[in-house]
Protein chains: 2
Amino acid sequence: MTQTSKHRAPATPRAAARARRPVDGLLDPAFFKALADPTRLLLFACLAKCARPCSVSDVAACCNVDFSVVSRHLGTLAAAGLLTPEKRGKHMFYSVRFNDLSLRLRALADAIDQCGPGCCPPAACGCGAPESAPDRPPEPAARRPRAHA
Amino acid sequence: MTQTSKHRAPATPRAAARARRPVDGLLDPAFFKALADPTRLLLFACLAKCARPCSVSDVAACCNVDFSVVSRHLGTLAAAGLLTPEKRGKHMFYSVRFNDLSLRLRALADAIDQCGPGCCPPAACGCGAPESAPDRPPEPAARRPRAHA
DNA sequence: GCTACACTTGCACGATGACGCAAACAAGCA
DNA sequence: TGCTTGTTTGCGTCATCGTGCAAGTGTAGC
């Protein structure tokens, strides 16, 4: 997870938007959306700290929301790949996917590191890093970017 | 950041909710919420791949949304600690906080690893891991958890 | 088969957020 | 000073989401 090969940074943001990088595959809105809600985060933390499969009733005891809300939230977290659902009899157990999560977060950190600065000297960029040319826009960006929409 | 000391897992989810762990401080809803929107994620990826400070107009060229929307999104990302804003003349430059982000993600991965299984033998838990007792609820959870609300 | 329990789902409602437009604000330049 | 350019902010609209209640589904025990 400590690969040091760096990509060449795109010359312009527009080119950057088209360029494919490892970070693209790891920036999944659904993943972050699942963790964007305080209640869901509370349930997830509860499950993580308990470090074992817990039933919906168990987790519902952690916070002051309706039972159905907990059921829905756990389903959302499972759908996003954060939890593993497991039906046992009439109970539904959810457990944190510790390994997957850890790997995913580290992979994202690696991908971000790979994008990091040091691979795009201002002169080669043609876009003027602010240190050398603070006020020269790299290209005449259209005032209305949605022109072709 | 690779500490191996594990906490004792709480016996019940309710206790887990009260227990303080490193993961609690790292699960910030605002952080994940900032990354939960596809457009914002696109702008962030664009900035990350460009690997240099970009002005609002630059980034706006990456996607088909209004200029004001881009301005707002970048502000949101900066407020969440993902970007660094820097005013230079009449341009506003935003740059990805590569180091902070990478450290933050790795810290979260470490905290999740710390919570991981292996620290709470089912017998000591008293809550019945499903492998040994699939159908015995650890405690009679209240049907309406918001009783004291 | 009946009942109890655990959980899911449908529905309505309120809150939040993303979006586009237009106006305002700020900085550089002739 | 007035104009142009870059950016932010106010406002209205629409879609999405979180929530609670109630009903429905599925499983286990009698």
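In what follows, every chain begins at residue 1, and chains take the letters A, B, ... in the order their sequences are listed.
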N/O (side chain, [X]) to phosphate O (OP1/OP2, [N]) under 4.0 Å:
{"X": "B:H73", "N": "C:dG17", "result": "no"}
{"X": "B:Y94", "N": "D:dT8", "result": "yes"}
{"X": "B:H91", "N": "D:dT7", "result": "yes"}
{"X": "B:S55", "N": "D:dG6", "result": "no"}

Atom pair [atom1]/[atom2] of [X] and [Y] - distance to nearest 0.5 Å:
{"X": "A:L35", "Y": "A:L82", "atom1": "CG", "atom2": "CG", "value": "5.0 Å"}
{"X": "B:T39", "Y": "B:F44", "atom1": "OG1", "atom2": "CZ", "value": "15.0 Å"}
{"X": "A:L42", "Y": "A:D37", "atom1": "CG", "atom2": "CG", "value": "10.0 Å"}

In whole angstrom, what separates [X]'s [atom1] from [N]'s [atom2]?
{"X": "B:F67", "N": "C:dA22", "atom1": "CZ", "atom2": "C1'", "result": "15 Å"}
{"X": "A:M92", "N": "D:dG26", "atom1": "CE", "atom2": "P", "result": "14 Å"}
{"X": "A:D58", "N": "C:dC7", "atom1": "CG", "atom2": "C1'", "result": "13 Å"}
{"X": "A:K87", "N": "C:dC5", "atom1": "NZ", "atom2": "C1'", "result": "11 Å"}
{"X": "A:R40", "N": "C:dT16", "atom1": "CZ", "atom2": "P", "result": "16 Å"}
{"X": "B:L43", "N": "C:dC19", "atom1": "CG", "atom2": "C1'", "result": "13 Å"}
{"X": "B:K90", "N": "D:dT8", "atom1": "NZ", "atom2": "C1'", "result": "15 Å"}

Quiz item: Which ones in residues 74-85 of chain B lie close to DNA chain D, meaning a heavy atom under 4.0 Å from one of its atoms?
Solution: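 Those residues: none at all.
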What protein N or O atoms touch nucleotides 9-12 of chain C N or O atoms at under 3.5 angstrom, if any, and at what distances?
from   : atom 1 : to    : atom 2 : distance (Å)
C:dG10 : O6     : A:R72 : NH2    : 2.8

Quiz item: Looking at DNA chain C, which of residues 29-39 of chain A put a heavy atom within less than 4.0 Å of it?
Solution: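 Listed by number, there are none.
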Quiz item: With B:N99, which residues qualify under side-chain hydrogen bond (donor to acceptor under 3.5 Å, both in side chains), at least two apart?
Solution: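 Expected list: none.
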Exercise. Under the side-chain hydrogen bond (donor to acceptor under 3.5 Å, both in side chains) rule, collect the residues that match up with B:S102, sequence neighbours excluded.
Key: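 side-chain hydrogen bond (donor to acceptor under 3.5 Å, both in side chains) check on B:S102 returns A:D113, B:R106.
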Which residues pass the side-chain contact (heavy atoms from CB on, under 4.5 Å) test with [X], sequence neighbours left out?
{"X": "A:S95", "result": "A:P53, A:T84"}
{"X": "B:R104", "result": "B:D28, B:F31"}
{"X": "A:S71", "result": "A:V56"}
{"X": "B:V69", "result": "B:V65, B:D66, B:H73"}

Evaluate the side-chain proximity of [Y] to [X]: yes if any heavy-atom separation is below 4.5 Å, no if none is.
{"X": "B:Q114", "Y": "A:K49", "result": "no"}
{"X": "B:L47", "Y": "B:Y94", "result": "yes"}
{"X": "B:C63", "Y": "B:L43", "result": "yes"}

Practice problem: Could you check which of C:dC19, D:dT27, D:dT7 has an atom nearest any side-chain atom of B:V65? | Solution: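 Among the listed nucleotides, the one closest to the side chain of B:V65 is C:dC19.
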